[in-house]
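What follows is a single structure, written as structure tokens, with notes after it.
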Amino acid sequence: MSRRARLVFFAVAAAGLAVTLGVGLAGLPSFGSQLTAYARMLNELASPQRHVTDVVSAITFDYRGIDTLFEEFILLAAVAGISVLLRPLSDESRQLPEDKAPNRKIPPPSPAVWLLAVLLSSLLTLIGLETITHGVLTPGGGFQAGVILASAIYVIYLGTNYATVERFQPDPLLEASDGVGAFGYVVIGLLGLLAGDVFLSNVVGLGVTGNLIAGGTIPLLNLVVGVEVAGGFAILASEFLDQTAVIRTERR
Amino acid sequence: MSVLAYGVVAWLFLVGIYGVVTSRNLIHMVVCLSVAQSATDVLLLEIGYRTGGHAPVFVSLPTHPGPAVDAVMQALALTDVVVGAAVTALLLALVVQVHKRAGTLDPDALRATRD
């Protein structure tokens with residue numbers, strides 16, 4: 001299809017879509033006017049029922065916990081798919097960057113960059129742990145914290161070199177944390193069944209509202225999701241980095 | 001106000017799809033898809049918005065905090081962001097391999113390399 005024909009095709013389809021979208025959006029209640037009964041009920045009940053102050057966490061990990069289970073599996077499947085797609089192919093091999101010139105050392109990064117990386121990576125780790133542990137109290141939780149923790153490793157890469165970051169993130173550990181995190185979610189769900197209730201029901205002691213450890217299974221699920229997302233995003237970034245740093249095509 | 005709020009959603013979605021249709025670079029195409037996908041984030045948050053509402057976090061609130069916005073939509077937006085990130089990463093991995101096999105990122109030039 002030529003570019004012109006494609007544009008004409010798009011214009012017709014977009015006009016149709018705009019009309020249906022417009023009709024659909026016009027049928028929505030006007031912006032900011034009301035909440036659904038479901039939302040009002042959860043806002044009222046989440047704190048007394050689950051002893052948490054962040055209702056979004058209670059919905060993500062408790063009221064709609066099954067959704068989050070599948071969401072976690074989507075992430076796991078995507079990371080596994082990327083690992084398969086970016087593996088060394090039959091005409092490629094893994095060579096560490098140093099191998100090309102063994103008599104020359106990689107120049108060290110400037111002290112300013114190194115210092116910034118040390119400060120930033122420790123700060124990111126701290127904020128990541130803070131975000132995981134305070135998921136039941138304030139906005140935050142496993143998904144957000146996992147991304148923050150994974151980015152700490154990449155600040156180390158910016159400030160040092162590839163060999164150092166490989167030492168910080170051994171592949172088996174990352175892969176294990178990705179799998180253990182996803183599996184841990186299922187195990188915590190099974191606790192509900194073991195206690196004679198339904199899957200993923202909140203059977204652990206709820207604690208006192210406003211405490212760091214409160215909400216029963218919600219902080220536990222935050223923790224396993226944090227481990228999974230941190231491992232998954234670290235694998236992701238290292239796979240893309242390997243493409244430029246390690247994987248070489250053998251020219252024929 | 002409603003027209004403006006929901007208009008942004010339709011505009012974001014259509015402009016993202018327009019980018020996908022006219023793209024001459026696969027990385028640009030993936031970014032355009034993210035733009036189209038972000039329309040759903042905006043729509044979810046707008047459906048859950050309540051005029052004058054506060055965040056659904058019930059800690060250190062003033063004495064008369066007023067209504068809270070819809071926490072369900074915020075949880076769904078979180079799901080949307082995670083799935084969006086997974087899709088973008090997977091597509092970028094495909095783009096890396098396409099560039100290796102075909103030596104080009106122009107989607108129109110890819111037809112010539114089909115064997």
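A note on names: the letters A, B, ... follow the listed sequences, proteins ahead of strands, and every chain is numbered from 1.
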Would you say the side chain of [Y] lies within less than 4.5 Å of the side chain of [X], judging by non-hydrogen atoms?
X	Y	answer
B/Leu78	A/Gln144	yes
A/Asn43	B/Arg50	no
B/Val59	A/Leu137	no
B/Val82	A/Ile74	no
B/Thr79	A/Asp67	no

Side chain from CB out, backbone as N, CA, C, O: work out which of these in [X] comes under 4.5 Å of a heavy atom of chain B, or both, or neither.
X	answer
A/Glu72	neither
A/Tyr63	neither
A/Leu236	side chain
A/Leu17	side chain

What part of [X] is in contact with chain A, defined as an atom under 4.5 angstrom from a non-hydrogen atom: side chain, backbone, both or neither?
X	value
B/Ala5	side chain
B/Val96	side chain
B/Leu43	side chain
B/Val87	neither
B/Gln97	side chain
B/Phe13	side chain
B/Ala55	neither

Just verifying a value: how many Å separate [X] [atom1] and [Y] [atom2], rounded to the nearest 0.5 Å?
X	Y	atom1	atom2	value
A/Gln34	B/Asp70	CD	CG	11.0 Å
B/Met73	A/Ile59	CE	CD1	9.5 Å
A/Leu86	B/Leu92	CG	CG	10.0 Å

Provide the closest heavy-atom pair for [X] versus [Y] in the form atom of the first, atom of the second, distance.
X	Y	result
A/Phe240	B/Ala89	CZ-O, 3.6 Å
A/Gly81	B/Leu90	C-CD1, 4.0 Å
B/Thr51	A/Ser33	OG1-N, 4.5 Å
A/Leu35	B/Val69	CD1-C, 4.1 Å
B/Ala71	A/Val55	CB-CG1, 3.7 Å
A/Phe10	B/Ile17	CE1-CG2, 3.5 Å

[X] atom [atom1], neighbour heavy-atom count above 12 within 6.0 Å:
X	atom1	result
A/Phe70	CZ	no
A/Glu130	CD	yes
A/Leu89	CG	yes
A/Phe183	CZ	no

Original post:
What option among A/Leu28, A/Val52, A/Leu42, A/Leu75 has the most heavy-atom pairs under 4.5 Å with chain B?
Top reply: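 Looking at each of A/Leu28, A/Val52, A/Leu42, A/Leu75 in turn, A/Leu28 comes out on top.
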Subject >> Any donor-acceptor pair under 3.5 Å from B/Ser2 side chain to A/Phe31 backbone >> reply: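 Judged by distance alone, yes, a pair lies under 3.5 Å.
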Original post:
When you measure from the side chain of A/Arg6 to the backbone N and O of B/Thr22, does any donor-acceptor pair fall under 3.5 Å?
Top reply: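 Absent.
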